[in-house]
Enquirer: 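The structure is given below, and queries will be raised subsequently.
A quick note: this is a predicted structure, and the numbers were derived from the prediction, not measured.
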Amino acid sequence: MGMIEHADRVLDRLRRGLPLVARPYAAIADELGIGEEAVLAVLRHLDEVGAVGRFGVIVDHQTLGYTANAMVVWDVPAEAIDEVGRRIARCGGVSLCYRRTPRPPLWPYALYTMIHGRSRDEVTARVDAIAARCGLNGVERQLLFTVRRFKQTAACYGRRTTAPTKNARGGE
């Protein structure tokens, strides 16, 4: 079996996360019936070609008690969005910060941020602090609190070689 076939299988397995053991890549290799070195070779190759930039932890914030979540939309002038976006992105408690095309007059908002907290009051206070820190006190904004979570998973790219499974958070 070649690198491509191994890569598909390794990536497919990694979509379910790393096993919480001393040697996770050896455990994955055992599951896939290949050697640990083959798993590591796939990961090195994907890193070398730029297909994988990093591995990171995806925290289920709800399990940790962060049950108040708001998408905050900001009506920032177009010429200021890049700078304001960079400033907001450096603030604690911001998990997403991105620009979208506004649809005036009904939807003038072009800058979007996701803020998490243990209560709505905590999120609101955090948004107020971000506004003050970033010079946005006079900027129109809306806090769109999550009412119900239907799905939350990590981004998943590439071909899937096995059927999706339901995880503990209710997604694929």
Side-chain angles (χ1 to χ4, degrees), residues 4-21 24-25 27-32 39 42-43 46-47 49-76 81-82 84-86 88-104 106-131 140-172:
I4 298 300
E5 291 82 9
H6 282 323
D8 282 345
R9 294 176 65 220
V10 168
L11 287 172
D12 191 50
R13 172 53 188 87
L14 286 172
R15 286 185 180 102
R16 292 182 280 137
L18 289 174
L20 299 176
V21 297
Y25 302 114
I28 289 172
D30 287 345
E31 284 182 43
L32 299 178
V39 172
V42 164
L43 296 175
L46 293 172
D47 180 48
V49 300
V52 174
R54 67 179 176 89
F55 280 98
V57 174
I58 298 171
V59 176
D60 183 350
H61 56 274
Q62 297 249 334
T63 301
L64 295 176
Y66 291 86
T67 57
N69 313 290
M71 176 65 68
V72 183
V73 294
W74 308 79
D75 185 10
V76 177
I81 288 178
D82 288 345
V84 171
R86 281 190 287 274
I88 291 176
R90 289 191 295 264
C91 294
V94 176
S95 63
L96 296 170
C97 184
Y98 54 91
R99 180 181 194 164
R100 290 201 171 174
T101 303
R103 302 287 185 228
L106 298 176
W107 195 255
Y109 309 104
L111 189 60
Y112 290 63
T113 56
M114 191 68 177
I115 314 291
H116 304 281
R118 295 185 188 274
S119 69
R120 284 179 174 233
D121 288 343
E122 181 182 325
V123 171
T124 301
R126 184 168 285 149
V127 170
D128 290 344
I130 289 169
E140 175 68 25
R141 64 182 183 255
Q142 297 290 323
L143 281 75
L144 308 172
F145 281 96
T146 299
V147 175
R148 180 175 175 199
R149 178 174 64 165
F150 293 100
K151 178 179 181 178
Q152 181 181 348
T153 61
C156 182
Y157 307 102
R159 295 177 288 187
R160 184 184 301 273
T161 59
T162 60
T165 58
K166 188 169 179 159
N167 70 21
R169 294 188 307 247
E172 282 185 17

Enquirer: Kindly give the heavy-atom pair with the smallest separation between C97 and G85, and that separation in Å.
Expert: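 Nearest heavy atoms, C97 then G85: SG-O, 3.5 Å.
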
Enquirer: Considering non-hydrogen atoms only, spot the tightest contact between Q142 and E140 and give its length.
Expert: NE2-OE2, 2.9 Å

Enquirer: Give me the one residue out of L143, T113, L144 that meets side chain to side chain contact (heavy atoms under 4.5 Å, CB included) with V73.
Expert: L144

Enquirer: Is the shortest heavy-atom distance from the side chain of V72 to the side chain of F145 under 4.5 Å?
Expert: no

Enquirer: Answer yes or no: is there a donor N or O on one side and an acceptor on the other, between the side chain of R126 and the main chain of G93, under 3.5 Å?
Expert: no

Enquirer: Could you please spell out the steps behind the side-chain contact (heavy atoms from CB on, under 4.5 Å) verdict for N69 and I115?
Expert: CA-CA 6 Å; N69 313 290; I115 314 291; over 6 Å; no

Enquirer: Does a salt bridge link R141 with D128, judged by any charged N lying under 4.0 Å from a carboxylate O?
Expert: yes

Enquirer: Is the shortest heavy-atom distance from the side chain of R16 to the side chain of E31 under 4.5 Å?
Expert: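 With C-beta onward as the side chain, the pair touches.
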
Enquirer: If I compare all heavy atoms of V123 with all of A68, which pair ends up nearest, and what's the gap?
Expert: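 Heavy-atom minimum between the residues: CG2-O, 3.4 Å.
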
Enquirer: Can you give me the closest heavy-atom contact between L96 and Y98, atom names plus distance?
Expert: CB-CE2, 4.1 Å

Enquirer: What residues form a side chain to side chain donor-acceptor pair (under 3.5 Å) with Y112, not counting sequence neighbours?
Expert: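 Residues passing side chain to side chain donor-acceptor pair (under 3.5 Å) with Y112: W107.
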
Enquirer: Near Y66 OH, under 6.0 Å, is it more than 12 heavy atoms from other residues, nucleotides or ligands?
Expert: no

Enquirer: Rounded at 0.5 Å granularity, tell me how far CZ in R100 sits from CD1 in I81.
Expert: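 Rounded to the nearest 0.5 Å, the CZ-CD1 separation comes out at 13.0 Å.
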
Enquirer: Which atom names give the shortest non-hydrogen contact between T146 and R120, and what distance separates them?
Expert: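 Residues T146 and R120, closest heavy atoms: O-NH2, 4.2 Å.
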
Enquirer: Give a yes or no on whether the backbone of L64 and the side-chain of R118 come within a donor-acceptor separation of less than 3.5 Å.
Expert: yes

Enquirer: Walk me through it: do W74 and I88 pass the test side-chain contact (heavy atoms from CB on, under 4.5 Å)?
Expert: CA-CA 11 Å; W74 308 79; I88 291 176; 4.0 Å; yes

Enquirer: Could you tell me whether the side chain of Y25 reaches within less than 4.5 Å of the side chain of L43, counting heavy atoms only?
Expert: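 In short, these two side chains touch, coming nearer than 4.5 Å.
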
Enquirer: Does the pair D12/R9 count as a salt bridge with the N-to-O cut at 4.0 Å?
Expert: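 A salt bridge is absent here (no side-chain N lies under 4.0 Å from a carboxylate O).
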
Enquirer: Between L14 and I28, does the side-chain contact (heavy atoms from CB on, under 4.5 Å) criterion hold? Intermediate values first, please.
Expert: CA-CA 8 Å; L14 286 172; I28 289 172; 3.6 Å; yes

Enquirer: Closest heavy-atom contact between V21 and P24?
Expert: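 For V21 and P24, the tightest heavy-atom pair comes out as O-CD, 3.5 Å.
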
